[in-house]
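Here is the structure we will look at, set down as structure tokens.
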Amino acid sequence: MRLIILGPPGAGKGTQAAKIASTFGIPAISTGDIFRANIKNETPLGLQVKEVLASGGYVTDEITNEIVRDRLFEDDAEQGFLLDGFPRTAAQVETLDAILAEHGHALEAVLELTVDSEAVVQRLLKRAEIEGREDDTEEVIRERQAIYRRETAPLTDVYSDRGLLVQVDGMGSVDEVFDRISAALAGVARS
């Protein structure tokens, strides 16, 4: 399957992406994980990304597009993938369409985890404390939420118009949410 998972920062996309990838035998490709690995290794990209993230911003489309293009051309993504954190803008939707067309592929579904905004802010503050994520202050978290609402939330309309959007309630335990996702994807696989 070729999937995208959408939802605001803290909706549980990364956790659910790992479970989906394991179930379907496809790689979960997280732009956030790629960026964090580069930051940790202090690569030139990592240093650039660290500065952007510290201010609460998002990495430019140009950098993100190139990273995703390279990753989707790797062998393990040939039979399918789950994208987490991409696309996040209308321009990136067009880029992804072009990348998929180069391979002769198309998306099967776009999952959107719907969540309560305030609950997510509290979840992220707790995660920041546990994981020592210094860049996850309340101000930065709220700014990322606002950017998501402005730039990424409109993608749900794009994918809904294409008949690809599958909304799933992202509130509850990890297993409860995964059960809802599994049921939704079973419907996609049958159609």
task = Could I get the full list of side chain to side chain contact (heavy atoms under 4.5 Å, CB included) partners for Ala91, not counting sequence neighbours?
result = Asp61, Thr89
ask   = Do Asn65 and Phe86 touch side chain to side chain, with heavy atoms closer than 4.5 Å?
value = yes
message = Let me check something: do Tyr148 and Val140 share a hydrophobic cluster, defined by ILVMFWY side-chain heavy atoms less than 4.5 Å apart, either directly or through other members?
response = no
ask   = Remaining members of Val174's ILVMFWY cluster at a side-chain heavy-atom cut-off under 4.5 Å?
value = none
task = Measure the shortest side-chain to side-chain distance between Val49 and Asn38 over non-hydrogen atoms and say whether it is less than 4.5 angstrom.
result = no
ask   = Any chain of hydrophobic side-chain contacts (each under 4.5 Å) joining Leu164 to Leu155?
value = yes
key: Euclidean distance, Thr23 OG1 relative to Gln16 CD, rounded to 0.5 Å   = 9.5 Å
key: Minimum-distance pair of heavy atoms, taken over all atoms of Ala17 and Ala28   = O-CB, 3.8 Å
query = If we only count heavy atoms from C-beta on, is the Val166 to Val188 side-chain gap below 4.5 Å?
reply = yes
key: Closest non-hydrogen atom pair, Phe81 against Ile29   = CB-CD1, 3.9 Å
request  = Drop me the distance from Ile39's CD1 to Glu51's CD, to the nearest 0.5 angstrom.
outcome  = 11.0 Å
key: Single-linkage hydrophobic cluster, 4.5 Å side-chain cutoff, Val93 and Leu72 together   = yes
task = Report, as yes or no, whether the 6.0 Å neighbourhood of atom CG on Asp70 holds more than 12 heavy atoms from other residues, nucleotides or ligands.
result = yes
message = Looking at every heavy atom in both Tyr159 and Leu107, which two are closest together, and how far apart are they?
response = CE2-CD1, 3.8 Å
inquiry  = Are Leu111 and Ile181 packed together at the side-chain level, in the sense that at least one heavy-atom pair is separated by less than 4.5 angstrom?
reply    = yes
message = Once side chain to side chain contact (heavy atoms under 4.5 Å, CB included) is applied, do any residues pair with Ala98, and if so which ones, sequence neighbours excluded?
response = none
query = To the nearest 0.5 Å, what is the distance between CZ (Phe73) and CD1 (Ile99)?
reply = 7.0 Å
request  = Quick one: which residue pairs count as a side chain to side chain donor-acceptor pair (under 3.5 Å) with a foot in residues 113-130, not counting sequence neighbours?
outcome  = Glu118-Arg142
message = Could you go through Ile20 and Phe178, starting from their C-alpha distance and side-chain angles, then the distance that decides it, and tell me whether this counts as side chain to side chain contact (heavy atoms under 4.5 Å, CB included)?
response = CA-CA 8 Å; Ile20 294 165; Phe178 185 69; 3.9 Å; yes
query = Of the non-hydrogen atoms in Glu78 and His105, which two are nearest, and what is the gap between them?
reply = OE2-NE2, 3.5 Å
Trace of the side chain to side chain contact (heavy atoms under 4.5 Å, CB included) decision for Leu113 with Val177 = CA-CA 9 Å; Leu113 295 181; Val177 174; 4.1 Å; yes
inquiry  = Would you compute the distance between atom NZ of Lys19 and atom OG1 of Thr15 and round it to the nearest 0.5 angstrom?
reply    = 9.5 Å
query = Does any non-hydrogen side-chain atom of Leu6 lie less than 4.5 Å from one of Thr156?
reply = yes
inquiry  = Quick test of your reading of the model: are Glu42 and Lys50 salt-bridged, counting only N-O distances below 4.0 Å?
reply    = no
task = List the atom of Leu96, the atom of Pro87, and the distance in Å for their closest heavy-atom pair.
result = CD2-CD, 3.8 Å
task = Check the pair Arg71, Asp76 against salt bridge (charged side-chain N to carboxylate O under 4.0 Å, His left out), reporting the backbone distance first and the verdict last.
result = CA-CA 9 Å; Arg71 182 62 184 90; Asp76 68 334; 2.7 Å; yes
query = Under the salt bridge (Lys or Arg N to Asp or Glu O under 4.0 Å) rule, what pairs show up with a residue in residues 146-162, not counting sequence neighbours?
reply = Asp97-Arg162
query = Tell me, do Leu185 and Phe24 make a side-chain contact under 4.5 Å, heavy atoms counted?
reply = yes
message = Are Ile4 and Leu100 connected into the same hydrophobic cluster when the rule is that any two of I, L, V, M, F, W, Y join if their side-chain heavy atoms are below 4.5 Å apart?
response = yes
message = Given 3.5 Å as the limit, does a donor-acceptor pair link the side chain of Lys13 with the main chain of Asp84, or not?
response = no
task = Tell me, yes or no, whether the heavy-atom count around Glu102 atom CD, taken from other residues, nucleotides or ligands under 6.0 Å, exceeds 12.
result = yes
key: Connected hydrophobic set around Val115, excluding itself, where side chains approach under 4.5 Å   = Val120, Val121, Leu124, Leu125, Ile141, Met171
task = For Arg180 and Val168, work out which heavy atoms get closest and say how close.
result = CB-CG1, 3.6 Å
ask   = Which value, rounded to the nearest 0.5 Å, describes the distance between Gln167 atom CD and Glu112 atom CD?
value = 4.5 Å
inquiry  = How long is the straight-line distance from CD1 of Ile5 back to CG of Leu82, given to the nearest 0.5 Å?
reply    = 6.0 Å
ask   = Taking the side chain as C-beta and beyond, is there a heavy-atom pair between Val110 and Leu3 under 4.5 Å?
value = no
